[in-house]
J.: 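I have a structure here, written as structure tokens, and I will follow up with some questions on it.
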Amino acid sequence: MKVTLKPQGSAQFLATLPALTGFIAHESLVAVFFSGKRSIGSFRLDLPADGDLVRAREFADLVVDTLCRVPGCTGVVPVVYCDRAVGDSTKLPYSLLWSLLEECLSDSELDVLDACCVAGDGWGSYLDADLPAGGRDLAEIEQNPMRLDAMMAVEREIVDLEAMSELPPRDTALAAETSKALAERLDGLPESLRLHETIQTLGLDLEALIRHASLGVPPPGSDRTEPVDRLLDFCTVARLDIVREIFLVGLAFGPEALGLAAQESQHTRVRHTNLASVAYRLKNTLTELVLRGVPAAPPDRERMRSAVHVLQRCCAAADPAVRADLAAMMAWLWWAIGIGSVAERLLVQVLDHDPDHGLAGVFADLCCGFGAPAWLVEQSSTAESAV
């Protein structure tokens with residue numbers, strides 16, 4: 001293995017990492033991959049239990065297998081984020097995991113540019129033979145001028161993953177109004193209608209909703225001066241299984257993909273209780289392939305991030321059943337973006353409410369099993385490394 005980053009370069013690199021990845025990680029391993037000296041992307045996984053040899057070995061194999069599938073990847077910097085303390089030790093937390101990762105990486109053709117741990121009371125490089133007891137001062141990262149420079153250079157929100165796992169509190173008055181309007185809209189809808197008939201009957205403009213979501217335009221809240229029509233439309237989409245699923249295709253890949261998915265499933269019946277599960281009815285369709293993360297072409301991550309914020313606003317105005325539907329949509333979007341921990345935490349809330357939830361069932365095995373969509377390893381030109 002060839003090591004090219006030095007400890008002082010590590011602090012500067014770690015200072016830029018939230019801006020580089022777009023999120024603040026907790027209890028995570030973030031792998032930043034490189035082509036030469038240029039970073040081309042990253043992914044994040046929840047850490048296994050420290051000291052669990054079997055789980056750590058499986059985890060290390062998964063990380064390296066994912067890296068080896070990244071087109072053009074020549075090197076990697078794995079970074080562990082954890083709340084555990086270094087204490088007075090010269091040994092960083094998760095050293096066992098690092099040793100297993102190091103072993104797996106040594107069998108690959110990837111260069112290890114650095115390997116770091118940002119702990120609760122200090123940080124350090126696993127490659128630093130001169131690491132002082134207690135690690136290095138976190139201020140070297142948090143107060144590094146490069147941190148602010150990187151944040152100013154990246155025109156996107158930096159997400160705190162823990163905060164994104166929480167659903168907003170309900171607005172009781174608005175939720176009651178929305179619930180009543182939604183019931184009136186759906187109670188009059190025949191259960192035997194096909195997809196295209198349902199969309200026409202309800203007057204849903206899915207492309208317009210995708211535009212609103214992509215722009216991050218929130219639906220009206222309790223201080224609104226406009227009707228709740230757009231809020232009602234989002235809740236309606238969330239409540240109708242096939243409509244919801246093709247809408248997610250559109251959020252990920254745009255209006256053209258939405259049109260293809262809708263055309264392919266136009267004769268599929270909506271909301272019929274005697275029909276098979278949504279996963280079975282969508283089998284071998286574009287929608288099913290997208291929901292399972294099969295396409296290699298990358299989706300529009302910024303549009304999906306904006307959509308998450310819009311759907312969160314909708315959650316505040318929804319009854320428990322619709323909140324579960326909206327949370328399932330948000331869980332899939334976070335999984336598609338590549339942030340599985342948020343997806344999994346939201347998914348748990350969905351399945352607690354409805355163990356047989358259709359959308360949750362489509363990808364629960366993937367999300368909870370460390371599965372990642374094929375597009376996760378897309379190449380990007382996010383930043384130069386701090387070598």
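Heavy-atom basis, side chains included; hydrogens, waters and symmetry copies ignored. If you're wondering where the values come from, they're calculated on a predicted model, not measured in any experiment. FYI, the numbering just counts along the sequence from 1.
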J.: Going by the angle between their ring planes, with limits at 30° and 60°, are Trp98 and Tyr126 parallel, tilted or perpendicular?
T.: parallel

J.: For Ala176, is there any backbone N or O sitting under 3.5 Å from a side-chain donor or acceptor partner on Ser179?
T.: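 Here the side-chain-to-backbone pair does not exist.
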
J.: Treating Ile, Leu, Val, Met, Phe, Trp and Tyr as nodes and any side-chain heavy-atom pair under 4.5 angstrom as an edge, say whether Leu100 and Leu67 lie in one connected cluster.
T.: no

J.: For a quick test of reading the model, state the closest non-hydrogen atom pair linking Leu251 to Met304 and the distance between them.
T.: O-CG, 3.7 Å

J.: Is there a donor-acceptor contact under 3.5 Å from the side chain of Thr16 to the main chain of Leu14?
T.: no

J.: Looking at side-chain heavy atoms only, is the closest gap between Glu102 and Val112 below 4.5 Å?
T.: no

J.: Do the side chain of Ser106 and the main chain of Glu103 share a donor and acceptor less than 3.5 angstrom apart?
T.: yes

J.: Evaluate the side-chain proximity of Val70 to Val76: yes if any heavy-atom separation is below 4.5 Å, no if none is.
T.: no

J.: Answer yes or no: is there a donor N or O on one side and an acceptor on the other, between the side chain of Ser89 and the main chain of Val86, under 3.5 Å?
T.: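 Checked: no pair found.
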
J.: Decide if atom CD of Glu27 counts as having more than 12 heavy atoms of other residues, nucleotides or ligands within a radius under 6.0 Å.
T.: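 Yes, enclosed.
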
J.: When Arg44 is tested against each of Val79, Val342, Val30 for side chain to side chain contact (heavy atoms under 4.5 Å, CB included), which residue passes?
T.: Val30

J.: Within a reach of under 6.0 Å around CG of Asp88, are more than 12 heavy atoms found that belong to other residues, nucleotides or ligands?
T.: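 Open: at most 12 neighbouring heavy atoms sit under 6.0 Å from CG of Asp88.
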
J.: For the backbone of Ala316 and the side chain of Asp171, can you confirm whether one donor and one acceptor N or O come within less than 3.5 Å of each other?
T.: no

J.: Looking at Gly36, is its backbone amide N or carbonyl O close enough to the side chain of Thr74 to form a donor-acceptor pair, meaning the two atoms are under 3.5 Å apart?
T.: yes

J.: Any ion pair linking Arg185 and Asp233 (charged N to carboxylate O, less than 4.0 Å)?
T.: yes

J.: Hey, is CD on Gln263 packed in by over 12 heavy atoms from elsewhere, all under 6.0 Å?
T.: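 No, CD of Gln263 has 12 or fewer neighbouring heavy atoms, counting only those of other groups under 6.0 Å.
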
J.: Of the non-hydrogen atoms in Cys82 and Cys117, which two are nearest, and what is the gap between them?
T.: SG-SG, 4.2 Å

J.: Apply side-chain contact (heavy atoms from CB on, under 4.5 Å) to the pair Val243 and Leu206, showing each step before the final yes or no.
T.: CA-CA 9 Å; Val243 180; Leu206 298 183; 4.3 Å; yes

J.: If two hydrophobic side chains count as joined below 4.5 Å and joins carry through other members, does Val63 share a cluster with Leu96?
T.: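 In one cluster: no.
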
J.: Evaluate side-chain contact (heavy atoms from CB on, under 4.5 Å) for Leu189 paired with Val270, printing each intermediate quantity in order.
T.: CA-CA 10 Å; Leu189 185 68; Val270 180; 5.7 Å; no

J.: Just verifying a value: how many Å separate Leu47 CG and Phe59 CZ, rounded to the nearest 0.5 Å?
T.: 5.5 Å

J.: Does the side chain of Val310 reach to within under 4.5 Å of the side chain of Leu209, using non-hydrogen atoms?
T.: no

J.: Do Leu113 and Asp111 make a side-chain contact, defined as non-hydrogen atoms from C-beta onward lying under 4.5 Å apart?
T.: yes

J.: Going by heavy atoms in the side chains, are Arg323 and Gln349 under 4.5 Å from each other?
T.: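 Side-chain contact under 4.5 Å: no.
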
J.: Would you say the side chain of Val249 lies within less than 4.5 Å of the side chain of Leu258, judging by non-hydrogen atoms?
T.: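 Counting from C-beta outward, Leu258 and Val249 never come under 4.5 Å.
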
J.: To the nearest 0.5 Å, what is the distance between NE2 on His212 and CG on Asp205?
T.: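 His212 NE2 to Asp205 CG: 8.5 Å, rounded to 0.5 Å.
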
J.: Quick check: closest heavy atoms across Asp114 and Ser125, and the distance to 0.1 Å?
T.: OD1-OG, 2.7 Å

J.: Does Arg136 reach the main-chain N or O of Gly124 with its side chain, forming a donor-acceptor pair under 3.5 Å?
T.: no

J.: Assess whether side-chain contact (heavy atoms from CB on, under 4.5 Å) is satisfied between Leu311 and Val308, documenting all intermediate values.
T.: CA-CA 5 Å; Leu311 295 179; Val308 165; 5.9 Å; no

J.: Looking only at heavy atoms, what is the nearest atom pair of Ala307 and Leu333, with distance?
T.: CB-CD1, 4.1 Å

J.: Under the criterion side chain to side chain contact (heavy atoms under 4.5 Å, CB included), which of Asp65, Thr66, Val64 is the partner of Cys68?
T.: Val64

J.: Which pair of heavy atoms, one from Leu97 and one from Ala56, lies closest together, and at what distance?
T.: CD1-O, 3.8 Å

J.: Check whether any side-chain heavy atom of Pro93 lies under 4.5 Å from a side-chain heavy atom of Val80, and answer yes or no.
T.: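 The answer is no, as the side chains (C-beta and beyond) never meet within the 4.5 Å cut-off.
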
J.: Could you give the distance from CG (Leu182) to NZ (Lys180), rounded to the nearest 0.5 Å?
T.: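 One finds 13.5 Å between CG of Leu182 and NZ of Lys180.
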
J.: Report yes or no: does Gln12 contribute a side-chain atom to a donor-acceptor pair with the main-chain N or O of Asn144 at less than 3.5 Å?
T.: no

J.: Any side-chain heavy atom of Ile246 sitting closer than 4.5 Å to one from Leu195?
T.: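 Heavy-atom side-chain distance check passes, below 4.5 Å.
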
J.: Looking at Gly134, is its backbone amide N or carbonyl O close enough to the side chain of Asp121 to form a donor-acceptor pair, meaning the two atoms are under 3.5 Å apart?
T.: no

J.: For the OH atom of Tyr81 and the CG atom of Leu29, what is their distance to the nearest 0.5 Å?
T.: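 These two atoms lie 10.0 Å from each other.
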
J.: I would like to know whether Trp375 and Phe253 meet ring-ring contact (aromatic ring centres under 6.0 Å, His included); could you show each step before the answer?
T.: CA-CA 11 Å; Trp375 58 70; Phe253 290 98; 5.5 Å; yes

J.: Please test Asp61 against Cys104 for side-chain contact (heavy atoms from CB on, under 4.5 Å), starting from the C-alpha separation and ending with a verdict.
T.: CA-CA 7 Å; Asp61 287 339; Cys104 292; 3.2 Å; yes

J.: Where does the angle between the aromatic ring planes of Phe34 and Phe13 fall among parallel (under 30°), tilted (30 to 60°) and perpendicular (over 60°)?
T.: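 Ring orientation, 0 to 90° scale: tilted.
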
J.: Report yes or no: does Arg303 contribute a side-chain atom to a donor-acceptor pair with the main-chain N or O of Ser214 at less than 3.5 Å?
T.: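 The answer is no, because no donor-acceptor pair under 3.5 Å joins these two groups.
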
J.: Over all heavy atoms of both residues, which pair between Ser39 and Val32 is shortest? Give the atoms and the distance, please.
T.: CB-CG1, 4.1 Å

J.: How many angstroms lie between atom CG of Leu326 and atom CD of Gln312, to the nearest 0.5 angstrom?
T.: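 Leu326 CG to Gln312 CD: 10.5 Å, rounded to 0.5 Å.
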
J.: Do Phe247 and Val350 sit in the same hydrophobic cluster, where Ile, Leu, Val, Met, Phe, Trp and Tyr count as joined when their side-chain heavy atoms come under 4.5 Å apart?
T.: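 Cluster IDs for Phe247 and Val350 differ.
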
J.: Quick check for you: to the nearest 0.5 Å, what is the distance between Glu245 atom CD and Asp241 atom CG?
T.: 6.0 Å

